[in-house]
Amino acid sequence: MITPGNTARRGRLALRVAGLATAATVAITLAGCSGSQGASMLDTKAKVTIQVWTGQADQAENIIEKLGKEFEKDHPNVKIDMSPGASSTDQLLQKLSAGFAGDQYPDVSYAFGSWAGQLEASGRTLDISDKIKNSDVKWDEFTEAAKETAQPSGKKVIGFPAVVDNIGLMYNKTLFDRAGIAYPTNDWSWDDFRAAAKKLTDSANHIYGYGYSVSGSEETTWQFWPHLWQNGGSIVNDDQTKAEFASDAGVKALEFLRGMAVDDKSVFLDQTDEKFGQLFVSNRIGMITSGPWELSDLKTGGTSYGVVQLPGVDGDHQTVSGPDIWALFDHHDKNRAYWAYQFAKWLTSSAQDERFNVALGNLPLRTSENSSAAVEKETSEYPGYEVFVKNSDNVKHARPTTKGYAALSVAIGKAISHVLQGQGDPKSALEQAAKTADAQLSK
């Protein structure tokens with residue numbers, strides 16, 4: 001839920017981190033099925049009201065409410081009872097949990113992807129697995145990570161993708177020109193990246209080649225996942241019950257970052273998650289790995305920059321994404337279920353998504369939008385946007401959606417932070433983090 005000009009520099013990321021914190025502290029209440037039963041037979045012409053919790057605010061809320069009115073106009077028997085649902089997006093999970101207990105929950109709700117596993121486990125979600133096979137849904141147009149997030153256990157599809165993103169390599173042209181270094185290309189390896197970072201670093205003038213978060217937050221963690229995946233590693237096993245990031249691939253990935261931070265001293269180690277972006281804008285850091293939410297600040301700051309896909313390992317340029325979803329819920333009413341599904345399908349179609357996500361500066365949900373006029377307009381206003389659109393092709397894996405992921409993220413985030421600050425070796429740190437994560441994943 002990011003808009004160009006958002007006063008919070010990393011608005012989309014701030015929500016993502018908040019969502020993980022919420023998932024770590026809120027337990028979904030398992031309650032019995034509703035005592036009241038709705039329509040047992042589908043009547044698509046019957047009058048029906050569906051409740052939608054948008055999780056949006058300001059411009060985004062205004063746009064989606066207008067879209068809801070359009071849907072009502074096209075379907076006069078349908079009333080969309082739409083609201084943000086809570087005072088902030090990260091509070092929606094707690095609101096949903098209370099709603100399940102009191103039998104007062106919506107038909108559709110925005111949800112952070114990290115909540116998907118808990119929502120499915122509540123027993124309250126709709127399963128639309130059969131419906132997404134219909135040709136008009138065009139399910140294959142969504143990224144793999146988005147589809148996996150909407151199918152948290154692999155057994156049910158509990159909603160539609162709502163927001164997608166990814167990270168690429170942003171480089172500061174002013175600093176590259178000053179150092180006499182050729183700009184990064186899409187063919188760069190991490191060795192190319194490390195060499196450039198070292199040359200860009202000017203410790204006497206407090207200029208760094210690269211910036212990385214060592215706060216231990218999800219920002220620290222999710223920046224690490226592309227390194228892990230590109231080296232052939234996995235975050236967890238197939239049933240999400242055991243951590244696998246402490247593999248040789250994980251050790252190799254963390255050793256690479258440690259070499260840059262400790263040996264080369266070419267990395268600005270950000271304790272706040274905020275400063276490295278600001279320093280990049282003000283020509284103090286040569287490269288950062290970040291996403292499209294950064295573009296508005298770069299424009300405002302007048303920064304001369306470029307964007308390419310992430311450097312790779314043996315030609316593998318995988319990136320990471322944090323998709324969110326429109327979760328659908330079951331009220332044992334055929335009519336409400338039908339129209340909740342129809343509204344979510346309509347809202348996430350290319351025609352509506354171009355007017356909602358793309359208009360707000362988010363990436364398009366569907367590949368069919370990539371060459372649209374809406375994307376071209378966004379690109380003309382924010383150079384580099386088109387790189388992130390194309391970079392969706394490099395999204396191959398989803399982050400785990402199990403409720404244990406929040407604890408896993410904290411464990412490995414702390415391990416990465418300590419190692420990059422010279423406080424331990426990669427193998428031991430990752431192995432200890434894996435033990436901590438396993439204790440939570442097995443619950």
Side-chain angles (χ1 to χ4, degrees), residues 1-18 59-60 163-176 183-184 186 188 193 196-197 200 207-215 217-226 267-311 317 319-324 357-364 375 377-392 394-395:
M1 190 176 64
I2 182 174
T3 62
N6 194 323
T7 55
R9 182 186 69 84
R10 299 168 66 76
R12 180 76 184 91
L13 178 61
L15 293 177
R16 180 185 300 109
V17 174
Q59 182 186 7
V163 169
V164 296
D165 54 19
N166 62 72
I167 60 173
L169 177 65
M170 295 182 166
Y171 58 95
N172 186 299
K173 291 184 177 180
T174 298
L175 294 182
F176 269 80
Y183 297 154
N186 280 326
W188 257 25
F193 168 81
L200 287 164
I207 292 174
Y208 295 85
Y210 183 46
Y212 195 98
S213 165
V214 290
S215 68
S217 70
E218 175 65 6
E219 169 73 341
T220 302
T221 301
W222 91 311
Q223 292 273 350
F224 180 75
W225 296 144
V267 183
F268 174 77
L269 300 175
D270 187 357
Q271 303 281 351
T272 69
D273 292 346
E274 297 290 332
K275 289 184 180 178
F276 74 89
Q278 297 166 359
L279 292 174
F280 180 82
V281 170
S282 59
N283 304 325
R284 310 298 293 184
I285 292 179
M287 296 178 288
I288 59 173
T289 45
S290 192
W293 53 83
E294 208 81 53
L295 298 176
S296 61
D297 282 355
L298 293 171
K299 180 177 181 179
T300 300
T303 309
S304 178
Y305 70 93
V307 184
V308 294
Q309 65 184 13
L310 291 180
H317 297 274
T319 187
V320 65
S321 179
D324 295 333
N357 270 317
V358 178
L360 291 168
N362 295 329
L363 297 183
V375 168
K377 179 181 179 182
E378 197 68 23
T379 296
S380 66
E381 188 170 358
Y382 298 98
Y385 177 83
E386 76 285 0
V387 176
F388 291 109
V389 172
K390 177 64 176 174
N391 200 34
S392 292
N394 288 316
V395 177

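We count residues from 1, following the sequence as given. Everything numeric here is computed off the predicted structure, so don't read it as measured data.
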Legend entry - Non-neighbouring partners of Thr221 that pass side chain to side chain contact (heavy atoms under 4.5 Å, CB included), sequence neighbours left out: Glu218, Trp225, Tyr405, Ser409, Ile412
Legend entry - Gap between atom CD of Glu274 and atom CD of Glu219 - 0.5 Å precision: 9.0 Å
Inset, instruction - Looking only at non-hydrogen atoms, find the nearest pair between Val281 and Asp297 and report the distance. - result: CG1-O, 4.1 Å
Inset, instruction - For the pair Glu386 and Glu378, evaluate side chain to side chain contact (heavy atoms under 4.5 Å, CB included) and give the outcome as yes or no after the intermediate values. - result: CA-CA 8 Å; Glu386 76 285 0; Glu378 197 68 23; over 6 Å; no
Inset, instruction - Anything under 30° is parallel, anything over 60° is perpendicular, the rest tilted; go ahead and classify Phe176 against Tyr171. - result: perpendicular
Inset, instruction - Identify the two heavy atoms, one from Pro364 and one from Val164, that lie closest to each other, and give their separation to 0.1 Å. - result: O-CG2, 3.4 Å
Inset, instruction - With side chain to side chain contact (heavy atoms under 4.5 Å, CB included) as the test, would you mind laying out the steps for Ile285 and Phe268 before giving the verdict? - result: CA-CA 8 Å; Ile285 292 179; Phe268 174 77; 3.8 Å; yes
Inset, instruction - Find the distance between OG1 (Thr379) and CZ (Phe388) and round it off to the nearest 0.5 Å. - result: 11.0 Å
Legend entry - Smallest separation among heavy atoms of Leu310 and Leu169, with atom names: CD2-N, 4.0 Å
Legend entry - Donor on one side chain, acceptor on other, Thr289 and Gln223, under 3.5 Å: yes
Inset, instruction - Evaluate the side-chain proximity of Tyr385 to Ser380: yes if any heavy-atom separation is below 4.5 Å, no if none is. - result: no
Inset, instruction - Taking the side chain as every heavy atom from C-beta outward, state whether Asp165 and Asn362 have any pair of such atoms under 4.5 Å apart. - result: no
Legend entry - Nearest-0.5 Å distance that lies between atom OG in Ser290 and atom CZ in Phe276: 5.5 Å
Inset, instruction - Using ring pair (Phe, Tyr, Trp, His ring centres under 6.0 Å) as the criterion, list what pairs up with Tyr210, not counting sequence neighbours. - result: Phe193
Inset, instruction - Locate the shortest heavy-atom distance separating Gly361 from Pro292; write the atom from each residue and the value. - result: O-CB, 4.5 Å
Legend entry - Ile207 CD1 to Leu175 CG distance, which is reported to the nearest 0.5 Å: 5.5 Å
Inset, instruction - Please examine the side chains of Glu294 and Ile288, heavy atoms only from C-beta on, and report whether any two atoms are closer than 4.5 Å. - result: yes
Inset, instruction - Before giving the answer on side chain to side chain contact (heavy atoms under 4.5 Å, CB included), spell out for Met170 and Leu298 the whole-Å C-alpha distance, their side-chain angles and the decisive distance to 0.1 Å. - result: CA-CA 10 Å; Met170 295 182 166; Leu298 293 171; 3.9 Å; yes
Inset, instruction - Check whether any side-chain heavy atom of Ile167 sits under 4.5 Å from a side-chain heavy atom of Trp293, and report yes or no. - result: yes
Legend entry - Side chains of Asp270 and Ser215 in contact at under 4.5 Å (non-hydrogen atoms): no
Legend entry - side-chain hydrogen bond (donor to acceptor under 3.5 Å, both in side chains) partners for Lys173, two or more places apart: none
Inset, instruction - Check whether the side chains of Thr220 and Ser213 place a donor and an acceptor atom closer than 3.5 Å, and report yes or no. - result: yes
Inset, instruction - Write down the atom of Val308, the atom of Pro184, and the distance for their closest heavy-atom approach. - result: CG1-O, 3.8 Å
Legend entry - Gln309 side chain reached by Thr319 side chain, heavy atoms, under 4.5 Å: no
Legend entry - Worked check of side chain to side chain contact (heavy atoms under 4.5 Å, CB included) between His317 and Asn186: CA-CA 9 Å; His317 297 274; Asn186 280 326; over 6 Å; no
Inset, instruction - Flag the pair Ser392 / Asn166 as yes when at least one side-chain heavy-atom distance between them is below 4.5 Å, and no otherwise. - result: yes
Legend entry - Minimum heavy-atom distance Tyr382-Tyr305, with the two atoms named: C-OH, 4.2 Å
Legend entry - Asn357 side chain near Val163 side chain, heavy-atom distance below 4.5 Å: yes
